[in-house]
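Everything numeric in this text was worked out from a predicted model, so none of it was measured. Below, chain A is the first sequence line, B the second, and so on; all start at residue 1.
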Amino acid sequence: MSAAGIDAGMKFRAAVYALVRRVPRGHVVTYGQVAAMLRRPRSARAVGGAVGRCPDDVPWHRVVNAQGGISRRRRLGSVLTQRIRLEQENVPMRRGRVLLDRCRWER
DNA sequence: GACTTGACTAGAC
DNA sequence: AGTCTAGCCAAGT
């Protein structure tokens, strides 16, 4: 797949996973950002859907919402897991929010 | 092919 | 700063 964007015939989900796998430890991206990087600026919601059912090798915890917060989901639990994993990677947080200015992954 | 369902967002009060 | 709304769109049924 190209640096950004979806190759011909590639499923949206596969592109999301490929991108999220490139996010380095200690950094995060937002749903909307992933969508924009894949050249689907209005597909943030779909990104959430893809990240919600991803393979084990995808660092899904590095994806947060536009406010740096951890989005709620139908079955809680993974919310705590996500916060714990982010803390373990020393992702800077304040009042339950990731400080995007300091750890947003660009490119 | 018509719904329904979300780990979304930006904007308006 | 909290709540609501409307737009969005990939996937699953």
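- Going from atom CD of A:Gln67 over to atom P of B:dA10 covers 7 Å, rounded to whole Å.
- Out of C:dA10, B:dT9, B:dA7, the shortest distance to the side chain of A:Arg40 is found at C:dA10.
- A salt bridge links A:Glu87 with A:Arg83; the closest basic N to acidic carboxylate O contact falls under 4.0 Å.
- Residue A:Ala46 has its side chain nearest to C:dC9 when only C:dC9, B:dA7, B:dC8 are considered.
- A pairwise comparison of heavy atoms in A:Arg39 and A:Pro41 identifies C-CD, 3.4 Å as the closest pair.
- Nucleic acid contact for A:Tyr31: base, since at least one base atom lies under 4.0 Å from a heavy atom of the residue.
- Taking a 6.0 Å sphere around CZ of A:Arg73, one finds it holds more than 12 heavy atoms contributed by other residues, nucleotides or ligands.
- One can place CG of A:Leu38 at 14 Å from P of C:dC9, the figure rounded to the nearest angstrom.
- Side-chain nitrogen and oxygen atoms of A:Ser43 include at least one within less than 4.0 Å of the OP1 or OP2 phosphate oxygen of C:dA10.
- In a base pair of the Watson-Crick type (N1 to N3 plus N6-O4 or O6-N4) or a G-U wobble (N1-O2 and O6-N3), with each distance short of 3.5 Å, B:dG1 is matched with no nucleotide.
- Within 4.0 Å of A:Gly32, counting heavy atoms only, lie sugar-phosphate atoms of the nucleic acid but no base atom.
- Residue-to-nucleotide proximity on DNA chain C shows that, of A:Arg53 and A:Arg42, the 5′-proximal contact is made by A:Arg42.
- The nearest whole Å value for the distance from the CZ atom in A:Arg39 to the P atom in C:dA10 is 16 Å.
- Between A:Gln33 and A:Arg104 there is a side-chain heavy-atom pair separated by less than 4.5 Å.
- Across all strands shown, B:dG11 forms a Watson-Crick or G-U wobble pair with C:dC4, both key distances being under 3.5 Å.
- With rounding to whole Å, A:Lys11 atom NZ is found 7 Å from C:dA11 atom P.
- When the C1' atom is used for both C:dT13 and B:dG1, the distance is 12 Å, rounded to whole Å.
- The CG-P distance, from A:Asn65 to C:dG2, rounds to 13 Å in whole Å.
- Within 6.0 Å of atom CZ in A:Arg21, more than 12 heavy atoms from other residues, nucleotides or ligands are found, so the atom counts as buried in its surroundings.
- Between A:Arg72 atom CZ and C:dT3 atom C1' the separation is 15 Å, expressed in whole Å.
- The listed nucleotides are B:dA10, C:dA11, B:dA7; the one nearest the side chain of A:Phe12 is C:dA11.
- For A:Arg45 and C:dA10, the CZ to C1' distance is 11 Å, given to the nearest whole Å.
- For A:Arg13, the listed nucleotide lying nearest its side chain is C:dG12; candidates were B:dA7, B:dT9, C:dG12.
- Distance CZ (A:Arg85) to C1' (B:dA7): 14 Å, rounded to an integer number of Å.
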